[in-house]
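Below, each value reflects all heavy atoms present in this structure, side chains not excepted, and no hydrogens, waters or symmetry copies. Quick caveat: nothing in here was measured; it's all calculated off a predicted structure.
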2 protein chains.
Amino acid sequence: MRAHGTEGGVAQAVFRRFNALRPLPDEDAAALEHAILEGLLRAGPGEDLITEGDPVDSVRIVLSGWLFRHKTLEDGRRQIVNFILPGETCDAHAYLLSTLDHSITTATPVAYAEIKRARFEQLMAAHHALAEAFMCETLLNNAIQREWIVNLGRRSAFERVAHLFCEIFERLRPVGLIDGNSCSLPVTQTDLADATGLSVVHANRTIQELRASGLIVLKDRTLTIGDLEALKNAAMYSPGYLRLYRAK
Amino acid sequence: MRAHGTEGGVAQAVFRRFNALRPLPDEDAAALEHAILEGLLRAGPGEDLITEGDPVDSVRIVLSGWLFRHKTLEDGRRQIVNFILPGETCDAHAYLLSTLDHSITTATPVAYAEIKRARFEQLMAAHHALAEAFMCETLLNNAIQREWIVNLGRRSAFERVAHLFCEIFERLRPVGLIDGNSCSLPVTQTDLADATGLSVVHANRTIQELRASGLIVLKDRTLTIGDLEALKNAAMYSPGYLRLYRAK
DNA sequence: CGTCCGCTTTAACATAAGCTAATGGGCGGC
DNA sequence: GCCGCCCATTAGCTTATGTTAAAGCGGACG
């Protein structure tokens, strides 16, 4: 399994992430941890956590495993709209709009915590820094989605896939899920195609191209990036939008 | 929400919009109106309100006019990431992340209100419903951006442009800016191309196609949609993500 | 009252990416 | 140990969209 570095309980990824995004006072962190421990759940791979149009009345925080948000057109065309990585929150505040406009499906086995709306709101009211941190989580998610729009609208297939790999790598870094220059990439090429707006065939061609140019190794669901700067250049990746600074 | 938005105050669009999205108690509406009136500003067309990387320390609410959010790659490729229409908020809470990850530029003359961070936070603290309403504003913006990702990733040029037109029409409706089956569309075809991830030439071809199929008339910056249902079908538009219900 | 300029439109050609289909490889079930 | 299934890969062909270039068009302005 993954070597998680320092000991830190099931919610370690969550706190590493908040630490990189917006550090929490001890007291607030403790309150959140408490709430998380109350609502631990698990899901297998390929499970729908929530489906487009479903009512939302809780907040889910991912402790381990990958999920993705996606929407599907009537005729079956599917677009993955974001990945949800360990430490990230599925739908902070989403209950305010009653229903979700997209579906969330697990890519791997997932451990997560479910906090009911009332409990969550009580927590936010009592802990201002926590409320701000979750707000930041939502804003960051927003920023990532904007970058995806740029990716789909203005980057070539090659750049798109390269960009996605850079982003995932940088998002896994603060939660301690990269190992040297490698990280796990537990999704199929079909998923990558649906995330980059490409056909599976072309996604595969593009990955071959990335391999051929020596920028990546992708084998056994493990991504290795020899020269991250080179990959970022190839992707026209401009740092900053992720705002995950204080990471160690 | 009695007097606010019903008569022609400057902030009418704002209150109509909140009324459709998440109605405000009179008291909260009054407090917001007060804050808006304190910070009235204007900008000409083609002005950058804020540029990628700039620090943010206020919230801007658009009273009239169009703007767009955009990001530009090093080599000049530009992607419009969203339009900001009358009644919408530029960057609620964005100050939490210190700087903005994209630029905001006016497409037309714009009237807006600027509320300083401290003032805004004080307002949110004192008026819970207002805080929730702005939260909804952010969430809705998020939902729109997800739909744009689907648009760019999985819809054809024809569907994309059709979809954008449907969305704009539906977003203008609750603020009272549609007139029968027409609305203003004060942007160039270059802008439409940058919003749909197309080249200008192809955007133009696509608009011709939409005209030829009788779905739209676009002339003098005015968009007319003869049969909105037909256009929605052509666009594979699925309602719901906008959540602008209670509109009259 | 002509010229410049920004925007739209058209044309001709180039190419990135889609589609269909077939093959191969690994792995679990029987 | 063989079968079937999911996933990755390759090939061959089609097409949607990009690119470059040039022309039309109306308004602003001197």
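In this entry the distance linking CZ of A/R155 with P of C/dA17 reads 13 Å, nearest Å. Atom-to-atom, CG of B/L198 to P of C/dT8 comes out at 14 Å; the value is rounded to the nearest Å. The distance between atom NE2 of B/H202 and atom P of C/dT8, rounded to the nearest whole Å, is 17 Å. Taking atom CG of residue B/L152 and atom P of nucleotide D/dG18, one finds them 11 Å apart after rounding to whole Å. In this structure, A/E209 atom CD and D/dT9 atom C1' are separated by 15 Å, rounded to whole Å. Atoms CD (A/E159) and C1' (C/dA16) sit 12 Å apart, rounded to a whole Å. C/dT9 atom C1' lies 14 Å from atom NZ of B/K219, rounded to whole Å. At whole-Å resolution of the value, CD in A/Q189 and P in D/dC7 are 11 Å apart.
B/G46 comes within 4.0 angstrom of no nucleic acid atom, judged by non-hydrogen atoms across all strands. Using a 4.0 Å heavy-atom cutoff across all strands shown, A/R211 reaches sugar-phosphate atoms only and no base atom. Nucleic acid contact class of B/S199 (heavy atoms, under 4.0 Å, all strands): base. Within the nucleic acid shown, B/I207 has no heavy atom closer than 4.0 Å to any nucleic acid atom.
Distance check: A/I61 CD1 to A/C90 SG gives 9.0 Å after rounding to the nearest 0.5 Å.
The residue among B/R205 and B/T188 whose nearest nucleotide of DNA chain C lies closer to the 5′ end is B/T188. Of the residues near DNA chain D, B/F158 and B/V201, the one whose nearest nucleotide (by heavy atom distance) lies more toward the 5' end is B/F158. Mapped onto DNA chain D by nearest heavy atom, A/R221 and B/S156 fall at different nucleotides, with A/R221 at the one closer to the 5' end.
Relative ring orientation between B/Y237 and B/H163 is described as tilted, the plane-to-plane angle lying within the 30° to 60° band.
Within the 4.5 Å cutoff, the side chain of B/L40 has heavy atoms near those of the B/L63 side chain. By the 4.5 Å heavy-atom criterion applied to side chains, A/Y112 and A/L67 are not counted as neighbours.
For A/N204, no side-chain nitrogen or oxygen approaches OP1 or OP2 of D/dA8 to under 4.0 Å.
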Begin from the C-alpha positions of B/Q145 and A/W148 and carry the test side chain to side chain donor-acceptor pair (under 3.5 Å) through to its verdict. CA-CA 9 Å; B/Q145 304 211 153; A/W148 279 47; over 6 Å; no
